[in-house]
Amino acid sequence: MAPRRTRTTERDRSRRVLSQNFLADPAAIARMVEAARPDPDGLVIEVGAGRGQLTRPLAARCGRLVAYEVDPDAGAELARVCAALPTVTHRQADFLAASPPREEFAVVGNIPWSLTAAVVRWCLAAPRLRTATLLTQLEYARRRAGDYGRWSRLTVLTWPEFGWRYAGRIPRTAFRPVPRVEAGILRIERRTQPLLAPSALPAYRSMVELGFGGVGGSLAASLGRRYPRARLAAALRASRLDPAAPVGHVWPEQWLVLHRLLHAR
């Protein structure tokens, strides 16, 4: 018997492109809101607001909320939810095309997983962002926060200005439709006091990019392309780093120590 062919609707295509999996479990929704810790007087931008599952509880905890949803089907229902919430503004628009607010704000969202990297880049580039609490694929959240004992290039590059934290697991059964993998709450928080002076950031980032450049698979081999051998060896000893250590195993704090030692005048 030939396999049955099913008709692909516009809604199906939208879900596939936008990776839409809506939170349906009240406990998971409460956990997400608690992890976000909204400022009672502050502005929250909600990404991928869907049908308003997070919108209602977030609105009850913050001063003002702007809810973005690009999908027209979900957006129609979201509009009805927002109409009943006086402190909420509904935006039927692409969050990634929006300009960041000129005032301090937080981002919260059960984001489309296919757009995770783009949403994170938007958040990091927003000058007035205070925090971003994002529901991502579990592996992404744990990897960015160093939960596997390895650290990603992006996390290390931004560490002087942003803290990254894995804030817990959300089971895949908390979503509708149910995705194939579980989710994790990723918390990105701008530091009130950067760990490096702004003037030192370009040199730090250049060092990190060089370190992750991948020569010989070790930190020493990568950094040895620029820094004098004796000075690099002394800095590695002072940082208690094995010269053969893989780059991803170097903690962000150790990168900061290396930078201070290698760039000391």
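- Residues meeting the salt bridge (Lys or Arg N to Asp or Glu O under 4.0 Å) test with Glu161, sequence neighbours left out: Arg205.
- In terms of modelled atom types and a separation under 3.5 Å, the side chain of Ser218 and the main chain of Ala245 share no donor-acceptor contact.
- The neighbour count for Arg225 CZ, taken as heavy atoms of other residues, nucleotides or ligands under 6.0 Å away, is above 12.
- The stretch residues 145-155 participates, sequence neighbours left out, in these salt bridge (Lys or Arg N to Asp or Glu O under 4.0 Å) pairs: Arg142-Asp147, Arg153-Glu209.
- Residues satisfying the ring-ring contact (aromatic ring centres under 6.0 Å, His included) test with Phe95, not counting sequence neighbours, are Tyr68, Trp122.
- The pair Arg64-Glu103 meets the salt-bridge criterion, since a charged nitrogen lies less than 4.0 angstrom from a carboxylate oxygen.
- Panel note: side chain Asn21, backbone Arg176; no donor-acceptor pair is recorded below 3.5 Å.
- Here Arg61 pairs with Glu34 in a salt bridge; the nearest charged N to carboxylate O distance falls below 4.0 Å.
- There is a path of hydrophobic side-chain contacts, each under 4.5 Å, that joins Trp159 to Leu258.
- Clustering ILVMFWY residues whenever any of their side-chain heavy atoms sit less than 4.5 angstrom apart, transitively, puts Leu138 in a cluster other than the one holding Leu154.
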ring-ring contact (aromatic ring centres under 6.0 Å, His included) between Trp255 and Phe212, intermediate numbers included: CA-CA 11 Å; Trp255 282 100; Phe212 276 88; 5.7 Å; yes

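- Using a 4.0 Å cut-off between a side-chain N of Lys or Arg and a carboxylate O of Asp or Glu, Glu189 and Arg187 qualify as a salt bridge.
- A donor-acceptor contact shorter than 3.5 Å links the side chain of Gln92 to the backbone of Val70.
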